[in-house]
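We count residues from 1, following the sequence as given. All values derive from a computational prediction rather than experimental measurement. Just so you know, ligand 1 is whichever comes first in the structure, and atom 1 is the first atom listed for that ligand.
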Amino acid sequence: MPGVVIVGAQWGDEGKGKVVDIYTEHADMVVRFAGGPNAGHTLVVGADKLVVRLVPSGILRPQSTCVLGQGMVVDPATLAAELAELSRRGLLEGRELWLSDRAHLILPYHVAIDTLRERGAGAIGTTKRGVGPAYEDKAARLGIHAGALRDPARLEAAITRALARWAPVARDLGGELPSLADVMAAVAPVREALAARLTDAASLVDGALRAGKKVLFEGAQGTLLDVDHGTYPFVTSSSAIAGGACTGAGVGPTRIGCVVGLTKAYTTRVGGGPFPTELHDDVGEAIRKAGSEFGSVTGRPRRTGWLDLPALRYATVVNGFDGLALTKLDVLTGQPEVRACVAYEVDGRETRDFPLADLDRARPIYRTFPGWSEDLRGARRLEDLPARARAFVDFVSAESGCPLFVVSVGYERDDTIVLRSPFG
Ligand code: IMP
């Protein structure tokens, strides 16, 4: 059984938590392969909600082994706190959760640098979790593998080197770094517990795939935040696209059988950077309210706008989507009209492509649909949708060139039209 990758097609926050939760019902293993505690997935546990940043959403399914892959950057204190909270709720018992010994550590000096930079003129609106500086260390070959948690002396030596490298940067930014003693003190209480969960994650995942297990690779952030393919420099520092599952989890492309792209029925973005279909009016505000569009990690209000079909086509190209999960359709209910950007005008010329290099000059061209007012939550088949909502959904699928696998019509797990399983 080949693996299934699920990734965001937009700027993150596409509603991965819910769709991953639906798919993990059938998954034996759930693997995160990129990003770190900048992600935030809301898990619904009975009447309760729980936000996890590092632990894969599959943790709610007892049969799913959860893996944090080597493409991730992991803050030990955050991971330990998440595990403690899950344990407190009885959600860790009998579950397998493994951390790649080659994932990189985020340590307090990474957070300090990220925060200092965000105070200055070069701020891009990061989540200030230290993600960018940790990936910088990795690329500079100065990062610290999670495997160092097994050996405090090795860890201390590596931290000493890192502090020496970052000290002048902090000084230039007008700030200070935590001391070696502070960093060691932050890691000490959680070191052994995390060391017990370390493994060669690539072999673990390979073994599961060879044994015919169903493996779901859970993306973080979204295509337009990808360091190579996103709206650079307003991006995160990792490979958020489907291909990132191969490098970030250590699986060959031939092992991936299906790629599912997630898109909301509209668009949101947190932090700075271009967003051509952004709404600065009451409609944007209404969507923010109806969709509870506030960052689950930072609490920041998300910027809102209409669906961008050229961007979705672009995401389809760079990810090779086999199908789409269209989420939060219900949030548009009650709008007198619903719009979707179908093309762009750049310097007087029309294009159906996403003009990544010219977004500052690109003017969206919209198609307008009559809105609907019916409650969508009871819909379980496409035929159950009111005609106007159905017309919008069919248009999105046709324009993206992707079949629909899922249409989410409400907050609850059951408020979902499931059309196709990616596991076949
Ligand atoms: P960083 O990943 O914290 O370095 O932030 C870089 C950019 O990515 C900022 O614009 C963040 O708001 C954005 N970002 C990072 N993680 C997420 C996410 O999970 N959802 C949405 N935006 C994110």
Notebook entry, point to check: Short question: side chain of His26, backbone of Tyr23 - any donor-acceptor pair under 3.5 Å?
Noted result: no

Next item on the list: Report all protein residues having a heavy-atom distance below 4.0 Å to some atom of ligand 1; order the list by chain, then number.
Entry: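 Correct list: Trp11, Asp13, Asn38, Ala39, Ile124, Gly125, Thr126, Thr127, Gln221, Leu225, Val235, Thr236, Val270, Gly271, Arg300.
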
Check: Can you tell me how far the CG atom of Asp330 sits from the CG atom of Leu385, to the nearest 0.5 Å?
Finding: 10.5 Å

Next item on the list: Examine Arg269 relative to Phe275 and say whether NZ or CZ is less than 6.0 Å from the centre of the six-membered ring and inside a 45° cone about the ring axis.
Entry: no

Check: So which pairs with a foot in residues 282-302 pass salt bridge (charged side-chain N to carboxylate O under 4.0 Å, His left out), sequence neighbours left out?
Finding: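 For residues 282-302: Asp13-Arg302, Lys264-Glu293, Glu285-Arg288, Glu293-Arg302, Glu293-Lys328.
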
Margin query: Do Leu79 and Leu83 have side chains that approach each other closer than 4.5 Å (heavy atoms only, starting at C-beta)?
Written below: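 In short, these two side chains touch, coming nearer than 4.5 Å.
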
Note to self: Could you go through Asp21 and Arg61, starting from their C-alpha distance and side-chain angles, then the distance that decides it, and tell me whether this counts as side-chain contact (heavy atoms from CB on, under 4.5 Å)?
What the structure shows: CA-CA 8 Å; Asp21 182 47; Arg61 306 286 190 179; 3.5 Å; yes

